[in-house]
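In what follows, a structure is listed as structure tokens, so that the remarks can point back to it.
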2 protein chains.
Amino acid sequence: MTTRPLRADARRNVEAILDAATATLARDPDASINDIAKAAGVGRVTLYAHFENRGGLVAAVVERAMREAEASLRDVDLSGDPAAALVRLIDATWQVTLRYGALVVAAEKSMPVTEMAAAHSEPRARAQRLIDHGRALGRFRTDLPVSWQVTAMHAVTHAAATSVYAGELPADEAARAIAATMLGLLTPPGQVVPDVDALRVGR
Amino acid sequence: MTTRPLRADARRNVEAILDAATATLARDPDASINDIAKAAGVGRVTLYAHFENRGGLVAAVVERAMREAEASLRDVDLSGDPAAALVRLIDATWQVTLRYGALVVAAEKSMPVTEMAAAHSEPRARAQRLIDHGRALGRFRTDLPVSWQVTAMHAVTHAAATSVYAGELPADEAARAIAATMLGLLTPPGQVVPDVDALRVGR
DNA sequence: CTCTTGTCGTACATCCCTGTTCGACTTATG
DNA sequence: CATAAGTCGAACAGGGATGTACGACAAGAG
């Protein structure tokens, strides 16, 4: 069942289609196959030569996105000072969100809910581990549900991406803004909000 | 050009259609006219008798939603202690978001961008006034763009709505969670996060 | 009660998108 | 350079949604 190697231009086209689909579907989840093919500089028929149907294409796109995202996030160090770890996690998360955030949101519609849940569960679990850690050390607030805090974190990150797309927020300020926002969001009432920049000196 | 009064049942149907469209479009922005008509307990043709086309229908739905939302939010007192005012604004905003949030998000797709911007501009301006006020008093952080803070506020509110729809967050806890989150989000680094519940005793 | 207004089902034309087939053409590979 | 692999445009059938037209029927207003 090992398919034999594609010709060079075919391989190139598959990549181009995947890239175009990533960008196009992010902009419009209902983009037609035609739009995607044109954006890839390829005939519609060629696209069908490589992907069974629409579902197959978006599955491939999302799968690739998830693989790359997972790779970037896997080895973020979540130990040590929770606030510093939070900043590290956000820096890493921001990169993948900027590239794939809109796509994932777009895909949420055309994908089975279970798959979407699976896609989000890993990043959510990571964030939750971090928050639990910070709570255990008394550094993060405990008067709100953890699941809500994770959701809010997710939402703020997506909002930043939208903001950047809209040109309201410069891309290079985004990570700092998210981190600052999040730090405030997690600090317990009655405690002092830590300064972001002190935690981000390494950048 | 004053259209003469509709018959009683016609008026009832228009309302039913508007209600059904609000609910149906919130669930699925691409819902067909047929779905909406059925949900309203009305024939598809009847729907066309009252609304020129799809665009006209969603325009009417959104316009009604905005009018009602505006009415609820108009007279929130934004003066006095900024943190307390924030809680008041959030309580009011939460109500309309819970009812119309999903719809507005859904409509963002099929509506001209300019109209959407207009729809959001009023609530945004209100939030911005409040934040400016808090900043002037040294109560809110100034190390992040105001527009970003407004966006984050918006995003968190929507996230809460999504969370409630998903059953993760009880509806009656949502307003408190949003307010607590937002307070943290606006408190300057180096300052103490105020306690939400102290500010919400009135409820 | 009568007449106007509104409703409903069916049917129809139209449009757009999907997925497939075909044959001619181009490009990589050996 | 010769062959196999890949591309392309045009064209087709199918399905679904939109918007319109018609005629029979129900319901509110006076």
Side-chain angles (χ1 to χ4, degrees), chain A residues 1-62 103 106-112, chain B residues 1-62 103 106-112:
Chain A
M1 191 65 195
T2 50
T3 47
R4 89 192 112 94
L6 290 174
R7 222 172 64 177
D9 55 349
R11 237 177 308 125
R12 232 176 318 154
N13 276 339
V14 171
E15 279 307 304
I17 291 171
L18 248 25
D19 288 342
T22 301
T24 307
L25 289 177
R27 228 174 299 122
D28 174 15
D30 294 325
S32 77
I33 295 283
N34 210 349
D35 292 339
I36 297 172
K38 255 191 294 195
V42 143
R44 197 165 62 100
V45 193
T46 302
L47 194 154
Y48 276 110
H50 295 297
F51 301 92
E52 201 164 350
N53 50 27
R54 189 173 226 287
L57 174 59
V58 325
V61 167
V62 170
L103 167 70
E108 264 164 9
K109 251 188 50 184
S110 45
M111 286 193 60
Chain B
M1 191 58 197
T2 51
T3 46
R4 93 192 106 95
L6 290 173
R7 220 174 61 182
D9 56 346
R11 236 176 311 123
R12 231 177 318 150
N13 276 339
V14 171
E15 280 305 305
I17 292 170
L18 248 25
D19 287 342
T22 300
T24 307
L25 289 177
R27 229 174 302 119
D28 174 16
D30 295 325
S32 76
I33 296 282
N34 209 349
D35 292 338
I36 297 173
K38 255 190 295 192
V42 141
R44 196 165 62 97
V45 193
T46 302
L47 194 152
Y48 277 108
H50 294 298
F51 302 93
E52 199 164 354
N53 50 29
R54 188 172 227 289
L57 174 60
V58 325
V61 167
V62 170
L103 167 70
E108 265 164 8
K109 247 188 52 184
S110 45
M111 286 193 61

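Predicted model only: the values in this text are computed from it and were never measured. Protein chains get the first letters and strands the later ones, always in sequence-line order, with residue 1 at the start of each.
Taking 4.5 Å as the limit, every side-chain heavy atom of A/D28 sits out of range of all side-chain heavy atoms of A/T24. Contact annotation: the side chain of A/L57 approaches that of A/L18 to within less than 4.5 Å [non-hydrogen atoms, C-beta and beyond].
Closest of all the heavy-atom pairs between B/V61 and B/A21 is CG2-CB, 3.6 Å. Scanning both residues, B/I17 and B/F51, for their nearest heavy atoms gives CG2-CE1, 3.7 Å.
The NZ atom of B/K38 sits 12 Å away from the P atom of D/dG16 (whole-angstrom rounding). The interatomic distance linking A/E15 (CD) with D/dG6 (P) rounds to 16 Å, in whole Å. For B/H50 and C/dC8, the NE2 to P distance is 9 Å, given to the nearest whole Å.
Identified under the salt bridge (Lys or Arg N to Asp or Glu O under 4.0 Å) test for residues 8-19 of chain B, with sequence neighbours left out: B/R7-B/D9, B/E15-B/R64, B/D19-B/R64.
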Exercise for the section: Spell out protein contact along nucleotides 17-30 of chain C as letters: B when the base is contacted, S when just the sugar-phosphate is, - when no protein heavy atom is under 4.0 Å; keep the 5' to 3' order. Expected result: -BBBB-----BSS-

